[in-house]
**Q** 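Here it is: the structure, laid out below.
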Amino acid sequence: MMDAGEYFLEGNIACAEAAMKAGCLFYAGYPITPASEVMNHLSKELPKVGGRFVQMEDEIASIASVIGSSWTGLKSMTATSGPGFSLMQENLGYAVMTETPCVVVNVQRAGPSTGQATKPGTGDVMQARFGSQGDYEIIALSPNSVQEMFDLTVRSFALSERYRVPVILLADAGVGHMRERVKIPEEVEIVDRKKPSSGEKEFFDTSEEDHVPPMPNFGEGHELLVTGSTHLGDGSRDTASFSAQDRLVRRLVAKIEDNKRDIEDWEERDADAELVVVSYGSMSRPARGAVKKAREKGHDVGFFRPKTMWPSPEERLKEIGEGSKVLLAELSLRGYRMEVERCVDDLYVYDRLNSLPTVDEVYEKILEVLR
Amino acid sequence: MMKIRIGGWAGQGTVRAGTILGKSLALEQGYHVVQQRSYSAAVRSGIAYSDVVVDHEGLDELVIECPDHLLVLYQDTLDQWEEMASKVEHLIVDSSRVGRVEKTSGRVYKVPAGRIAENIATSKAANVVLLGALAGVSAEVDLNCLEKTVKKEFPEKYVDINVEALKKGYEAVLEKR
C-alpha cells in the first residue's frame, strides 16, 4: 500500500489503493479489460496488508465469493466491466436482498456484449440500477478523475457498510485508464457496519429510523440464516405471506430512499443559467471545459455533474429543468438519458460512442443549442 | 497548453514512454498533466499510442486532435496519421523504422532511435531515446527531470541503459538544431 503523498497514477490503480486504504481485506475477481489493473494491483498488494486475493473461475463466482467473505466481517470488493457486470447481476440482487455490504467496480467499456473492450462507454447506467430482478434501490457513484477514482472508492466502502448494500463504482475506461496526479491522504473516512449485541436475534429487520439492521459475522455465535428468499427479521424464509414480502421489500427501498440526502452528491456551477450542461464520468471533463469556454465567451451556460448516479439527484435535476434548457452530454445513447428526460422538459442531447470528444466539439454543440 | 502524442505499434513501449513523460512533467516539473492511452483489443498488434496533455492549471481537455509534438516509432502508424502529421509543430521519428516522411508544415527530426538503443544495449529502449529527443526539441520538457523519473521508474538493472538512451536521444536532436 502506498504511503500518503502525491503520485501520478492510473485511475484503476488509484481505485485499488483506495480500497486498501478503506480497509478492504478481500478481493475476488476475474480479469477483464479495462478493469484488470484493479485486480492485478490488488493481487500483489492485498496480501501485504493481511488481505486475501482470489482469482475466481468467472464473474458469477467472483461476486458470490465477495458476498461470502463479507459475511465473515471483511470489507470485500470485486471489479469488472460490461460482460462481467452482466454475469454478476443475479448475485448483485442476492447481495441487495441479504443486505450484504460489498463494492462492485464496473469500469464501463463500449458495449453491448463484448463491444470494444478498450474503448470507453457509459451504457451500463440503467443496468447498474435495474439489472437484477425485482424491486430494489442501489447506490452507484460516478468518478470523473483519478483523484475521484480514489475518493469515491473510499466512499463506496463507507456507504456500503453504512447502509448494508452493494455499492457500484460506475467508472469508465476514460477514467480507469487515465493517469493524473493524485493525493493519497494520511487518513480516510472508514465506516464499519452496525454490529448486534449478544442477545439480539433480528438481523433482517429493524424499527430504527435509518432502516439498517445490525449485521453479525458467521462464527460469532449468533443463530444466523442468510437467504435470498423473502425472509422475516430473524432470517427465516417466508415465501408466501403478504406481510413478509411487503415489509422487507419496502424497507430495502426505504433504506436508500429515506437516506437520500446523506447519499446524494453532485458538482454544480451556475446551474441557473440559460443552458445547463449535465454530464458525468470521463465525458464530464471535456463537457466542463466546454462550459468554461462558453462562459469566457460571454454565454450564459452552467454545469451539473451527478457524482451519485443512483439514487439520482432527481429533485435538483427537476429544479434545474424548470428554469433552464438542459444539454445532456454522455458517452452512450441510452445511458442516463431516460432519467434526465423524466426530470427535464427542454432537453438536448450530445451523445457519443467509442471515444471522448475534445472541448471544442462539446462547445460547438453548446453554441448549436443556444442558437 | 502543450499536447504530445507518442505512437507506434503495440509492444513498442509507447504507453510506457507516455507514462514516464507524464510522471516527469507532473511530479518533477509541477505541471497539470493528463495522460491517456489507446490500443486495440489485441495482444501485440495494431496502433498503440499515448497522449499527454500539459497545462499550468487544472485540465479538462483529455483528447488530442492535433498534437504540438508527435513522436512516431513505426512506419504504418505514421502512414495512417499522414494528415495529422502534416500539421504538427515538431515531428520526431525513429528513422530506424520510419523511412518515409511526407511533406509537413512543421519541423521533422529523424532520430535513428532503434539503432542508438541497440548500440547501448537493446532496441527496446528506442522509446526512451525519443523522449530524450523530445527534451531537446521542447523547451518545456526538462531532460534532468526525465532522468530523475527514469531512475525511479525502471528496475535498477535497466536504469543505466535508459539514462544513456535519454542522453543519446537528446544529443541526436541537438546536432540537428
**Q** Might you point out which heavy atoms bring A/Ala273 and A/Val301 nearest each other, and give the distance in Å?
**A**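 Smallest heavy-atom distance, with atoms named: CB-C, 3.5 Å.
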
**Q** Under 6.0 Å from the ring centre and within 45 degrees of the ring axis: does the NZ or CZ of A/Lys293 meet both conditions for the six-membered ring of A/Tyr363?
**A**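 Yes, A/Lys293 sits over the ring of A/Tyr363.
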
**Q** For the interface with chain A, which of B/Ala26, B/Gly22, B/Ser38 has the highest count of heavy-atom pairs at distances below 4.5 Å?
**A**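 The residue among B/Ala26, B/Gly22, B/Ser38 with the greatest pair count is B/Gly22.
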
**Q** Using non-hydrogen atoms only, which part of A/Thr358 is less than 4.5 Å away from chain B: side chain, backbone, both, or neither?
**A**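 Looking at A/Thr358, backbone and side chain both touch chain B.
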
**Q** Does any heavy atom of chain B fall under 4.5 Å from the side chain of A/Glu10, the backbone, both, or neither of them?
**A**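 Side chain only.
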
**Q** Would you say A/Glu17's side chain and A/Met2's backbone share a donor-acceptor pair under 3.5 angstrom?
**A**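 It does hold such a pair.
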
**Q** Specify the closest pair of heavy atoms between A/Pro83 and A/Ile32, including all atoms of both residues, with the distance to one decimal.
**A**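 So the minimum-distance heavy-atom pair works out to CD-CD1, 3.8 Å.
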
